[in-house]
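Notes to accompany the following structure.
Chain A is the first sequence line, chain B the second, and so forth, proteins listed ahead of strands; every chain is numbered from 1. Note that the structure is a prediction, hence the values are computed from the model and not measured.
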There are 2 protein chains.
Amino acid sequence: MKKHQVTIIDIAKELNLSKSTVSRVLTGHANVSIKTREAVLELAEKLDYQKNMLAIGLISKKTNTIGIIVPEFSSSYFPQIVIAAQEVATQAGYNTVFSQSNETYETEVANTKVMLANQVDGILISITRETRNYDHLKVFERKGIPIVFFNRVCDEMKVPKVIVDDFEGAFNAVDYLIKSGRKRIAHLAGPASLKISANRLEGYKSALRKNNMVIDEELIISYNLEVSKVKIYINHLLSLENPPDAIFAVNDPTAIEAIQIIKKKGLRIPEDIAIIGFSNDYASDLIAPSLTTVAQPISEIGSTAAQLLIEQINRDVSDWKAVTKVLKTELIIRNSS
Amino acid sequence: MKKHQVTIIDIAKELNLSKSTVSRVLTGHANVSIKTREAVLELAEKLDYQKNMLAIGLISKKTNTIGIIVPEFSSSYFPQIVIAAQEVATQAGYNTVFSQSNETYETEVANTKVMLANQVDGILISITRETRNYDHLKVFERKGIPIVFFNRVCDEMKVPKVIVDDFEGAFNAVDYLIKSGRKRIAHLAGPASLKISANRLEGYKSALRKNNMVIDEELIISYNLEVSKVKIYINHLLSLENPPDAIFAVNDPTAIEAIQIIKKKGLRIPEDIAIIGFSNDYASDLIAPSLTTVAQPISEIGSTAAQLLIEQINRDVSDWKAVTKVLKTELIIRNSS
DNA sequence: CTGTTAGCGCATTCAA
DNA sequence: TTGAATGCGCTAACAG
């Protein structure tokens, strides 16, 4: 375990120079003779010298690192966002530190503490489906560390947010189902604690109302997004006296699970029952029948969020803006509806 | 940008104590009166005090952080590995820092430098399809920082590695195709620079040989894993005078792309042509027809690699072991073959 | 152009 | 049980 870190002192000794001179070279300052500069650079290269960012961070109170916390990594949704965010961050000279909270509140809290302890310059976060208390996030505000929400946001905090127009997306999906002649449209909704679930539910209801259809609470099921539970709810819906002829699911994993269950039951999709999802996950175009879904500009969410965060970092606390960017969705019609 | 970090000094002043006393409480040392201990703890909590890990890392030369570098994040493969590795690391008290190199050598090199500069205690890496030079990785060895490879390994380095039995997996897949009566089996292979590609190719050839079939180089196509290129090769294979009646693809994304292209051409799978992939990605069970594939114990790869790395970290450099763990694959037969 | 000094936040000696 | 002093690796004044 005897790590052998090469330090400025090492190369200063070797070259019979003072540490400050070496430091000047390494930080790109000008006041150094060409000869010493080259000698230092050469030796540094030869010894695989790497600056110790811990020391620099300690001095400068800036780590050039942003943290990204996502609730899960199992669908293609969050990985894609992370890729886009990382790209923007790298471009701007920032490193990224990720963690995934596994949809667990405690893990999320722990993750934020780690980020805090590691002195990130700002964080990007999408909360878990469990998160109801936001104290661990408000700490960032108090400490003057910018925080930007994306996708799953915290309503009570006045900070930048990047979301999509969930209401409109849901509205369009359901409106389309109605226009296609569907009479009883069920909604497999997410937990009410998540704003995205609530907005999608509202879009669903609004579309029904606009088309003068009754809102049957029996057809609205709110669940905690654990895909393994979908089977129960589908069974329930199909056993209703007056079963639905369409299902609008809160997200693609739910819709995909529903398709598989319904197919196994021998029902035809979309003839007997139509399905629409939300997010246009990678798998939605692969499953049979391919899934009609509300597409989100996933990469744009990630890059916009990173952009906002970096702007915020470069701004003075007193000048923070709490903009909320609402990106547009697009209904992609495939074979499941 | 005026971050307001709370330090030990702040709470020492407030309580009229010395920094060392406060430090003792915070590090859990014993020699402190209950009264002061409680006062310190209470104030720390109230002020949202968080230790500055930069300072601690600087002193202890240990950050309790491991780095994970993966080539891409677009399939479900690496995210799953990362989840498993992170879980083991967390359990052992380590934080994780990820980065993805986007299948680009330069990015990989940059990522390793960042990890080095941030003083990770060890790294887990799967190299890009481009990586041919390993100097940036050998630096870790020289500096006494443990490195563990998984999936895509570097042959010339004597360090721990976690792989699956690619040879056997490929052999079983091709052997199964032959037993099912396929006569001309093509192989869409990966780049020769990746050991996994080479091993899978060898497994393919070996199965043909064992069954006394000729190895037709015309049917073996090595490509760089850019899925968009698959179309070209499929077109080529199908236009052969004596086209293949089966394709063994080096991985699932390739196989899935192939299925889509072949379906569009109006050919039937598996009647006209059978397809087998490798890895059992999330999507392979969803696509129609569902994909026969060689499953890897993905989570186990991640957890094993993390395990090995942590063992290595806790060992003295002089006592490093260069074990290579070879995990078993399993052929999952679905409808594409 | 170069060397000296101080200090970032903390843990860890050594004294009291 | 507490306090004072040292130093981790580095940068940024301040001198020469």
Q: Applying side-chain hydrogen bond (donor to acceptor under 3.5 Å, both in side chains), name anything that partners B/Y94, two or more places apart in sequence or on another chain.
A: B/K62
Given side chains that start at C-beta, do those of [X] and [Y] come closer than 4.5 Å, heavy atoms only?
X: A/I66; Y: A/L309; result: yes
X: B/V70; Y: B/N151; result: no
X: B/T7; Y: B/K19; result: no

Q. Looking at residues at least two apart in the chain, or sitting in another chain, which of them share a side-chain contact (heavy atoms from CB on, under 4.5 Å) with B/V88?
A. B/S303, B/A306, B/Q307, B/I310
Q. Taking only residues two or more places apart in sequence or in another chain, which ones pass side-chain contact (heavy atoms from CB on, under 4.5 Å) with A/A117?
A. B/Q50, B/M53
Q) Do any pairs count as a salt bridge (charged side-chain N to carboxylate O under 4.0 Å, His left out) and have a residue in residues 153-162 of chain B, sequence neighbours left out, and if so which ones? A) B/K138-B/E156, B/D155-B/K195
Q: Any chance you could lay out the salt bridge (charged side-chain N to carboxylate O under 4.0 Å, His left out) test for B/E103 and B/R152, step after step, and finish with the verdict?
A: CA-CA 12 Å; B/E103 294 283 18; B/R152 301 193 191 165; 3.0 Å; yes
Q. What parts of residues 36-60 of chain B reach DNA chain C, counting only heavy atoms under 4.0 Å away?
A. B/Y49, B/K51, B/N52, B/A55, B/I56, B/I59
Q: Mind running a 4.0 Å heavy-atom check of residues 9-18 of chain A against DNA chain D and sending the residues that fall below it, in number order?
A: none
(Q) Under 4.0 Å from a heavy atom of chain B: give me the 5'-most and 3'-most nucleotides of DNA chain C that qualify. (A) C/dG9 to C/dT12
Q: Tell me yes or no: between the side chains of B/T128 and B/T131, is some donor less than 3.5 Å from an acceptor?
A: yes
Q) Bend across the helix from C/dC1-D/dG16 to C/dA16-D/dT1, to 10°, with axes taken over 5 pairs at each end? A) 50°
Q: Can you sort out the partners of B/F73 under ring-ring contact (aromatic ring centres under 6.0 Å, His included), two or more places apart, ordered by chain and number?
A: A/F73
**Q.** For A/Y105, ring-ring contact (aromatic ring centres under 6.0 Å, His included) partners two or more places apart
**A.** A/H136
(Q) I need the minimum non-hydrogen distance between B/D121 and B/T63, along with the two atoms involved. (A) OD1-N, 3.2 Å
Q: Could you list all the ring pair (Phe, Tyr, Trp, His ring centres under 6.0 Å) pairs where at least one residue sits in residues 24-62 of chain A, not counting sequence neighbours?
A: none
Q: On DNA chain D, reading 5' to 3', which nucleotide is the first and which the last to sit with an atom under 4.0 Å from a heavy atom of chain B, could you check?
A: D/dT1 to D/dG9
